[in-house]
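First up is the structure itself, then whatever we jot down about it.
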Amino acid sequence: MPAVLRLQHTSVPMPADGHEAARRFYGGALGMTEVKPPSSLMVDRLVWFRAGPDGHEVHVFVDEQMQAKSAEQHLCLQVDDIASVRAQLSDRGIAIEETTAIANRPRFFVKDPFGNKIELTQITGDYD
C-alpha cells in the first residue's frame, strides 16, 4: 500500500501587496532561504521559502480575499535552538504568544505580517 512520506510544503495566504513583508518575516526574521517557484506558475503571486535541508517549503501566495480562518489554524516549524529563535524574533519586535507546554517540545506562537499563526518548536525528546 502506498504511504505518505512527509509534508513537502504548506501554503499560507498574503494580500496582493505582501511580497516584501513576506520576505522580511520568513527570510529576514526567521532566516529562511527564498526559493524560486516553478516558472509554469504565476510567480508574481508567490514567494517560496526553504524550511530546512530536506526539501520542505513554505509557500506564501496572494489571496485577494484574505478571509477569516480558524483561530487554531497554523503551521509549525521545528527549530534547532528555540531560545535563540525567541530572542531573534523578540529583538525584531515580533510578539511571542505563549501556549500550553508539551514535555520535550518547548514551543511558542507568532503571527506573520498577514496574521497567519506560526508555531515554533524544538524537539528535545519523546513526548508522553
Is I94 reachable from V85 through a run of hydrophobic residues whose side-chain heavy atoms are each under 4.5 Å from the next? yes
Do the non-hydrogen side-chain atoms of H19 and V62 ever get within less than 4.5 Å of each other? yes
Between I96 and V110, is there a side-chain heavy-atom distance shorter than 4.5 Å? yes
Could you tell me whether D126 atom CG has more than 12 heavy atoms of other residues or ligands within 6.0 Å of it? no
All heavy atoms of N116 vs all of P13, minimum pair found to be ND2-O, 2.7 Å
With rounding to the nearest 0.5 Å, note down the distance linking CG in D63 to NZ in K69. 8.0 Å
Any non-hydrogen side-chain atom of L30 less than 4.5 Å from a side-chain atom of L120? yes
Which atom names give the shortest non-hydrogen contact between K117 and K111, and what distance separates them? CA-CG, 4.3 Å
So, T121 side chain and P106 main chain: donor-acceptor pair closer than 3.5 Å or not? yes
Any side-chain heavy-atom pair from Y26 and V47 closer than 4.5 angstrom? no
Within the 4.5 Å heavy-atom criterion, are F25 and I118 side-chain neighbours or not? yes
Quick one: does any side-chain atom of Q122 pair with a main-chain N or O of I82 as donor and acceptor, under 3.5 Å? yes
Within the side chain of R6, is there an N or O that forms a donor-acceptor pair under 3.5 Å with the backbone of D54? yes
List the atom of Y127, the atom of A103, and the distance in Å for their closest heavy-atom pair. CB-O, 3.4 Å
From E119 CD over to C76 SG, what is the distance, rounded to the nearest 0.5 angstrom? 4.0 Å
Output the distance between atom NE2 (H56) and atom CZ (R50), rounded to the nearest 0.5 Å. 11.5 Å
Side-chain (Q88) to main-chain (A29) donor-acceptor, under 3.5 angstrom: yes
Is there side-chain contact between I102 and R107, with heavy atoms separated by less than 4.5 Å? yes
Are L46 and V35 linked, directly or through other ILVMFWY residues, by side chains that come within less than 4.5 angstrom of each other? yes
Tell me whether D112 contacts the main-chain N or O of F114 through its side chain, where contact means a donor paired with an acceptor under 3.5 Å. yes
So, do M42 and D44 sit near enough that their side-chain heavy atoms are less than 4.5 Å apart? yes
Common cluster, F109/V12, ILVMFWY with side-chain heavy-atom separation under 4.5 Å: no
Where the side chain of R86 meets the backbone of F108, is there a donor-acceptor pair that is under 3.5 Å apart? no
N/O donor-acceptor pair under 3.5 Å between E57 side chain and F49 backbone: no
Determine whether a donor-acceptor pair (N or O, by modelled atom type, separation under 3.5 Å) exists between the side chain of Q8 and the backbone of G55. yes
Are L89 and L77 connected into the same hydrophobic cluster when the rule is that any two of I, L, V, M, F, W, Y join if their side-chain heavy atoms are below 4.5 Å apart? yes
Side-chain touch W48/L41, heavy atoms, less than 4.5 angstrom: yes
Give a yes or no answer on whether the side chain of T10 reaches the backbone of V58 with a donor-acceptor pair at less than 3.5 Å. no
Just verifying a value: how many Å separate M14 CE and R45 CZ, rounded to the nearest 0.5 Å? 8.5 Å
